[in-house]
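Structure first, then comments.
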Amino acid sequence: MPDFSTSPGMRDITAPESFRWRRFVDVFEHTVGLAGYDLVIPPLLEDIGVFTRLGEATDVVTKEMYDFVDKGERHVALRPEQTASICRSFVEHRPTTPFKAWYAGPNFRYEKPQRGRYRQFDQVGIEVLGSLDPYVDIEVIQLGWTFFVALGLRNVELAINSLGTPDDRARYVAALHDYFESRNADLSPESQQTLLRNPLRVLDSKRSQDAPVIAEAPLINSYWCSEAAEHFEVVCEGLNAVGVPYTLDLKLVRGLDYYRGTTFEYRGGTLDSAQNALGGGGRYDGLVADLGGPDTPGVGFAIGLDRTLLACDDENVFAAPSENADVFVVDIGDGSDALTVCTELRAGGIRAERSWDQRSMKAQMKAANRSGARFAVLIGESEREAGTALIRDLRSDEEQLSVARADLTGTLISRLSSLQGASS
RNA sequence: GUGGGCGUAGCUCAGGUGGUUAGAGCGUCAGGUUGUGGCCCUGAAGGCCGGGGGUUCAAGUCCCCUCGCUCACCCCA
């Protein structure tokens with residue numbers, strides 16, 4: 001048994017899954033890059049105050065933070081999400097608005113791990129700071145949708161809602177509180193607890209006991225002021241106009257307290273209901289001001305890699321790519337020829353691998369086969385003396401070709417490119 | 001934090017009611033072919049049976065504790 005393994009909720013992403021992770025971010029970067037978003041890489045560690053703004057009543061802040069005091073007596077925390085970091089960065093650097101950023105990277109929450117939920121988990125996301133325009137909401141929601149489409153996912157459901165202005169929201173929360181209070185006896189004990197902390201969150205309960213109570217709960221739309229209702233209507237119409245399908249979910253409330261106005265969530269249709277949120281976001285017009293910046297509106301979303309990848313698995317799309325070598329160099333001598341040949345091939349842009357430890361020719365050929373390389377280049381005693389090399393096609397039975405060492409790279413480049421041309 | 005299931009070779013897993021040196025398949029390595037991969041055959045390496053304690057003449061097997069994984073709840077991505 002090994003002395004060490006990963007800490008709970010942490011894991012190694014190994015090949016070929018690691019390649020898939022990289023490609024996932026590549027696809028995301030391409031999608032949002034077309035819309036002009038810039039990459040921001042915030043630190044993993046921030047002053048804990050940056051994150052307590054997420055809401056004193058949220059689990060993310062109260063019990064899931066990885067926080068500690070560093071050697072300089074600073075109370076810091078590993079980020080549980082990146083929106084607050086992006087806003088802090090905005091306040092610190094004050095870029096011109098509208099500020100459009102994208103990010104990708106790990107976040108940390110001290111939770112009990114389970115399927116699709118880890119203590120270190122990666123998210124990709126975008127944020128737009130500095131505009132109240134509902135067309136920002138539309139673009140953000142659409143970009144998330146476009147990304148899922150780009151991955152090949154079909155079974156994604158987009159739910160949207162509006163929490164109205166802070167004032168609307170406060171009046172609604174009060175009404176909700178009164179209502180749930182009046183039905184307290186019908187609620188599950190867990191939801192009774194939730195009610196004490198945050199009435200909105202009771203709407204999230206998936207317990208069957210709570211379902212009838214929630215079904216009759218007051219709805220947010222009757223608390224929207226005309227301004228909020230208008231904003232939301234433009235958002236809905238915009239999504240219609242660009243053909244992004246959505247369902248209105250007046251009970252959609254998200255976990256973080258900073259949301260107001262438009263909120264939305266992407267759900268995987270094939271995942272189990274408990275962990276079906278692939279991503280979500282909304283407006284957080286007060287967050288920048290909360291962090292000490294000028295009153296600056298914001299919209300954004302975050303998408304979880306793990307869950308989205310699970311959804312991809314369920315739909316058999318976005319499979320892990322295979323990373324094969326082009327050429328495997330077999331050197332029957334001391335290995336010095338493989339050194340020079342690999343150097344030359346790699347300089348020519350060819351993915352070239354080799355063996356070490358002076359293994360037998362048979363062993364090296366086996367390794368060549370396993371590497372997935374298309375060609376093996378063989379250099380034995382007679383080739384070394386003659387200044388040649390043998391090129392053997394590992395996927396056909398055609399006779400191997402003897403070429404002068406000087407022509408080796410050029411020959412392989414043309415053979416490989418003609419193969420690539422034929423396959424595409 | 002609460003509850004269920006599970007921890008045996010690198011991986012996937014066998015190992016009725018406790019009984020000598022713990023097995024298989026795959027993978028790895030070597031050989032069969034002293035310069036040729038895949039298929040086949042032969043062999044080898046590789047295990048504190050998650051850890052600790054207990055019961056027993058005897059524990060991979062039974063009991064307790066602990067750690068980890070996993071599923072669900074909670075919450076969230």
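Per chain, numbering begins at 1; letters A, B, ... match sequence-line order. Please read these numbers as outputs of a predicted model, since none were measured by experiment.
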Given protein heavy atoms under 4.0 Å, the one-letter contact record of nucleotides 33-40 of chain B, with B base, S sugar-phosphate only and - none, is simply --BBBB--
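- The P atoms of B:rG47 and B:rC11 are separated by 12 Å, rounded to the nearest whole Å.
- With ring centers used as reference points, A:F24 lies under 6.0 Å from A:F147.
- Ion pairing between A:E323 and A:R351 holds under the 4.0 Å rule for side-chain N and carboxylate O.
- The separation of B:rG16 from B:rC48, taken at their C1' atoms, amounts to 27 Å, rounded to a whole angstrom.
- Toward the 5′ end of RNA chain B lies the nearest nucleotide of A:S360, the other residue of the pair A:S360 and A:R109 mapping further downstream.
- Taking the six-membered ring where tryptophan is involved, the planes of A:Y172 and A:Y223 are tilted, since the angle between them lies from 30° to 60°.
- To the nearest whole angstrom, the two C1' atoms, one in B:rG19 and one in B:rG27, are 33 Å apart.
- Between B:rC76 and B:rC65, the distance separating the two P atoms is 33 Å to the nearest Å.
- By the 4.0 Å N-to-carboxylate-O rule, A:D38 lies too far from A:K100 to be salt-bridged with it.
- Regarding A:M10, its CE atom lies at a distance of 10 Å from the P atom of B:rC69, rounded to whole Å.
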Dot-bracket pairing map - RNA chain B, Watson-Crick plus G-U, both contacts under 3.5 Å, | cross-strand: (((((((..((((.....[...)))).(((((.......))))).....(((((..]....))))))))))))....
Protein and nucleotides 66-68 of chain B: nitrogen or oxygen contacts under 3.5 angstrom:
none

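- As a whole-Å value, the separation of A:N276 CG from B:rC74 P is 13 Å.
- When the C1' atom is compared between B:rG25 and B:rA14, the two are found 10 Å apart, to the nearest whole Å.
- At B:rC76, none of the side-chain N or O atoms of A:R307 fall inside 4.0 Å of OP1 or OP2 (strictly under the cut-off).
- Nucleotides B:rG50 and B:rA22 are separated by 15 Å at their P atoms, to the nearest Å.
- Closest to the side chain of A:Q114, from the set B:rG1, B:rC74, B:rC29, is B:rC74.
- Across the protein-nucleic acid pair, A:R119 atom CZ and B:rC76 atom P stand 18 Å apart, rounded to whole Å.
- The distance between atom CG of A:D306 and atom C1' of B:rA77, rounded to the nearest whole Å, is 8 Å.
- Scanning both residues, A:V140 and A:Y37, for their nearest heavy atoms gives CG2-OH, 4.2 Å.
- For the C1' atoms, the distance linking B:rG4 with B:rG10 amounts to 30 Å, nearest Å.
- A salt bridge does not link A:R119 with A:E111: none of the charged nitrogens is closer than 4.0 Å to a carboxylate oxygen.
- Note on A:R117: every side-chain N or O is 4.0 Å or more away from OP1 and OP2 of B:rC71.
- A salt bridge links A:D186 to A:R183: one of the charged nitrogens lies within less than 4.0 Å of a carboxylate oxygen.
- Residue A:Y110 is out of contact with every strand shown, counting any heavy-atom pair closer than 4.0 Å.
- When rounded to the nearest whole Å, the span between CG of A:N107 and C1' of B:rC76 equals 12 Å.
- With A:N107 as the fixed residue, the side-chain hydrogen bond (donor to acceptor under 3.5 Å, both in side chains) test singles out one of A:Q120, A:Q123, A:E81: A:Q123.
- Within a 6.0 Å sphere centred on CZ of A:R23, heavy atoms belonging to other residues, nucleotides or ligands number more than 12.
- Among the protein residues, A:R359 comes within range of the sugar-phosphate backbone only, with heavy atoms under 4.0 Å from sugar or phosphate atoms but none that close to a base.
- Between the CZ atom of A:F51 and the C1' atom of B:rC76 there is a distance of 16 Å, rounded to whole Å.
- In this structure, A:L309 atom CG and B:rA77 atom C1' are separated by 13 Å, rounded to whole Å.
- Under 3.5 Å, the side chain of A:E111 and the base of B:rA77 form at least one donor-acceptor pair of N or O atoms.
- Between A:D331 and A:R354 no salt bridge is recorded (no basic side-chain N to carboxylate O distance below 4.0 Å).
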Yes or no on side chain to side chain contact (heavy atoms under 4.5 Å, CB included) for A:V341 and A:I379, after CA distance, side-chain angles and deciding distance? CA-CA 10 Å; A:V341 169; A:I379 300 167; 3.5 Å; yes
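- In this structure, the ring of A:Y266 has its center no less than 6.0 angstrom from the ring center of A:W145.
- Put simply, CG on A:L187 is 15 Å from C1' on B:rC74, counting in whole angstrom units.
- For the C1' atoms, the distance from B:rU12 to B:rC6 is 15 Å, rounded to whole Å.
- Checking each of A:N155, A:D249, A:N276 against A:R267 for a side-chain hydrogen bond (donor to acceptor under 3.5 Å, both in side chains) leaves exactly one that passes, namely A:D249.
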